[in-house]
Amino acid sequence: MSTQNLPLKGIKIIDFTHVQAGPACTQLLAWFGADVIKLERPGAGDVTRSQLRDIPDADALYFTMLNSNKRGLTLDTKTPAGKEVLEKLIKESDVMVENFGPGALDRMGFSWEYIQQLNPKMILASVKGFSDGHHYEDLKVYENVAQCAGGSASTTGWWKGENSEPTISAAALGDSNTGMHLAIGILTAYIGRQQTGKGQKVAVSMQDAVLNLCRVKMRDQQRLERLGYLEEYPQYPHEMDAFKDKVTPRGGNAGGGGQPGWILKCKGWQTDPNAYIYFTVQGHAWEPICDAIGKPEWKTDPAYTTPKARQPHITEIFATIEDWLKDKTKFEAVDVLRKFDIPCAPVLSMKELLRDESLRKSGSIVEVQHPVRGSYYTVGSPIKFSDLKPQVTASPLLGQHTDEILGELGYSKDQIATMHAMKVV
Ligand code: CAO
């Protein structure tokens with residue numbers, strides 16, 4: 001644990017979460033100082049401890065990268081003794097976060113009504129696949145299901161050719177993204193509690209969290225219904241059939257905003273799957289682009305001077321830029337283009353990101369020591385503060401802090417030993 005006086009110090013959180021969406025939320029709060037108690041079933045624990053293991057008998061990276069800075073408590077909350085412990089914990093905590101399947105907490109006997117009775121100041125934060133009252137509220141949901149339900153899959157990928165089906169993003173839009181939304185909800189409810197003295201239930205559905213990130217696609221749907229076309233999409237103006245049903249089409253690698261962009265090949269693309277850059281044709285950067293790629297004549301040619309004039313030639317423009325890129329690596333290309341103030345970046349592989357010195361320096365990728373795994377890398381806080389540098393510490397072993405936490409709740413050594421013997425903890 002860090003010795004800094006962390007802003008969320010003093011906030012006690014029961015982390016009744018598993019897999020990714022919930023743990024990502026509570027990990028963030030733990031980085032910023034909350035006392036996060038990861039509550040797991042004795043003997044088993046979070047399924048990610050053993051999923052996709054790379055070292056036999058060591059907690060998998062899936063678990064360690066989502067549960068750092070927490071304390072570990074095992075407790076069978078379906079036994080009377082386990083329920084009693086959870087009740088005590090609820091009375092002493094500020095927040096409980098859960099992302100079980102629909103109804104699981106109620107079935108366990110911990111309905112929102114009961115939690116409020118135990119502790120009216122408690123904030124109960126939940127992730128579910130769909131929001132309460134939704135016609136799919138009973139469904140269990142994983143990442144890709146959420147991406148399909150939230151509008152991401154239907155708008156990602158190619159619109160023609162062999163691989164033109166809806167496409168899943170590798171980014172955890174359903175899981176970690178929902179967790180980040182929930183963290184904002186928890187902190188809002190916590191500040192609200194300072195004013196009212198009362199807790200409340202905070203819920204984020206994975207569908208809603210994905211949809212929130214897809215709002216530009218909903219913008220496009222409404223524009224399409226009004227106008228009948230989307231001028232910034234690659235289908236415009238040569239494949240207008242793509243708009244005939246007035247359903248927002250998939251746009252490949254096109255820029256999502258008002259600036260056309262595409263992924264362009266660089267030197268070595270034939271053998272390196274990531275030898276590409278993203279190139280943006282920013283409207284007011286047109287003249288620098290022409291200078292950068294050696295096409296000064298385009299600066300005054302009316303067929304190219306405005307975004308509207310350029311759109312019918314956008315494929316040809318990208319092909320010309322690709323021709324300019326063919327003797328430059330993605331890094332060399334960006335080094336030239338940055339001098340012209342052109343928004344661009346190399347397509348970075350995970351291997352490159354893991355070794356990126358800037359990310360190491362900023363704490364965006366950190367090395368952590370784990371008692372069983374040894375050293376590993378994880379993603380550190382993407383949020384930077386001027387007066388706070390979160391220190392990422394190892395995730396807890398299964399039940400590592402059980403005795404310590406039970407002791408804090410007032411249980412004697414004998415009582416704790418009995419609970420161990422009865423496999424309650
Ligand atoms: N002691 C006793 N029982 C415990 C326990 C403990 N400490 N911790 C969990 N359990 C029990 C729960 O009470 C529940 O039991 P019942 O089903 O008998 O009521 C069970 O374990 C967990 O059920 P679950 O439905 O949450 O688990 P699952 O593996 O079948 O489903 C998932 C997993 C993720 C699909 C489901 O939890 C879900 O839809 N969650 C909400 C959406 C979500 O967060 N998904 C993202 C996951 S990240 O990819």
Side-chain angles (χ1 to χ4, degrees), residues 14-28 37-52 60 62-63 65-67 70-90 96-111 114-115 124-132 134 136-150 152 168-183 185 202-210 396 398-399 401-402 405-406 419 422-425:
I14 306 169
D15 180 17
F16 215 178
T17 70
H18 64 160
V19 203
Q20 184 176 164
C25 164
T26 48
Q27 173 173 261
L28 191 84
I37 298 173
K38 173 98 185 171
L39 198 174
E40 296 167 275
R41 213 191 316 228
D46 189 328
V47 68
T48 59
R49 283 189 185 269
S50 55
Q51 263 178 354
L52 309 175
Y62 198 1
F63 180 84
M65 292 177 75
L66 285 158
N67 290 285
K70 303 179 182 178
R71 295 199 286 166
L73 164 71
T74 48
L75 189 65
D76 185 340
T77 53
K78 283 188 173 163
T79 61
K83 280 194 171 125
E84 191 193 295
V85 176
L86 183 55
E87 282 168 1
K88 272 188 189 243
L89 207 49
I90 288 173
M96 180 153 99
V97 190
E98 65 91 23
N99 67 319
F100 292 125
L105 209 56
D106 290 347
R107 288 194 293 278
M108 209 187 277
F110 288 91
S111 64
Y114 185 51
I115 291 169
L124 173 64
S126 295
V127 168
K128 295 286 167 272
F130 296 88
S131 56
D132 281 352
H134 190 284
Y136 285 148
E137 70 174 354
D138 55 321
L139 287 180
K140 288 187 176 180
V141 169
Y142 281 110
E143 174 65 53
N144 295 352
V145 179
Q147 289 198 26
C148 289
S152 175
I168 297 300
S169 164
L173 307 175
D175 284 339
S176 280
N177 168 45
T178 307
M180 299 304 105
H181 279 79
L182 192 66
V202 185
V204 182
S205 84
M206 295 168 74
Q207 181 190 39
D208 290 353
V210 173
L398 183 61
H401 305 95
T402 299
I405 293 163
L406 292 176
M419 281 195 247
M422 290 167 62
K423 298 204 181 333
V424 172
V425 295

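Order of listing sets the numbers, starting from 1, for every ligand and every atom in it.
Of the protein's non-hydrogen atoms, Phe100 CD2, 4.0 Å is the one closest to atom 22 (C) of ligand 1. When only non-hydrogen protein atoms are considered, atom 29 (O) of ligand 1 lies nearest to Tyr142 OH, 4.3 Å. In terms of protein heavy-atom proximity, atom 15 (O) of ligand 1 is closest to Lys78 NZ, 2.9 Å.
Near Met206, meaning under 4.0 Å from any of its heavy atoms, are these atoms of ligand 1: 42 (C), 43 (C), 45 (N), 46 (C). Listed by number with element, the atoms of ligand 1 under 4.0 Å from a non-hydrogen atom of Val19 are 47 (C), 48 (S), 49 (O). Numbered from 1 in the order shown, with element, the atoms of ligand 1 that lie under 4.0 Å from a heavy atom of His18 read 26 (O), 27 (O), 33 (C), 34 (C), 37 (O). Near Asp76, meaning under 4.0 Å from any of its heavy atoms, are these atoms of ligand 1: 1 (N), 2 (C). When each atom of ligand 1 is checked for a heavy atom of Ala21 under 4.0 Å away, the hits are 48 (S). Numbered from 1 in the order shown, with element, the atoms of ligand 1 that lie under 4.0 Å from a heavy atom of Val127 read 41 (C), 44 (O).
The shortest N/O to N/O separation between Asp175 and ligand 1 falls below 3.5 Å. Here's the thing with Gly101: one of its N/O atoms is less than 3.5 angstrom from an N/O atom of ligand 1. Between Val141 and ligand 1, at least one pair of N/O atoms sits closer than 3.5 Å. Some N or O of Leu75 is nearer than 3.5 Å to an N or O of ligand 1, by distance alone. Of the polar atoms of Gln20, none of the N or O atoms is found under 3.5 Å from an N or O of ligand 1, judged by distance alone.
Contacts between Met108 and ligand 1, counted as non-hydrogen atom pairs separated by less than 4.0 Å, involve the side chain only. Under 4.0 angstrom from ligand 1, there are no non-hydrogen atoms of Thr74. Of all the heavy atoms of Glu40, the ones lying under 4.0 Å from any atom of ligand 1 belong exclusively to the backbone. Looking at Arg107 against ligand 1, only its side chain comes within 4.0 Å, counting heavy atoms.
Assignment of Gly22 to the shell around ligand 1 is not supported, since no heavy atom sits closer than 4.0 Å.
Each of His134, Gln207, Glu98 was compared with Lys128 under the side-chain contact (heavy atoms from CB on, under 4.5 Å) criterion, and only Glu98 meets it.
Using a 4.0 Å threshold on non-hydrogen atoms, atom 7 (N) of ligand 1 counts as touching the protein.
A side-chain donor-acceptor contact under 3.5 Å links Lys38 to the backbone of Thr17.
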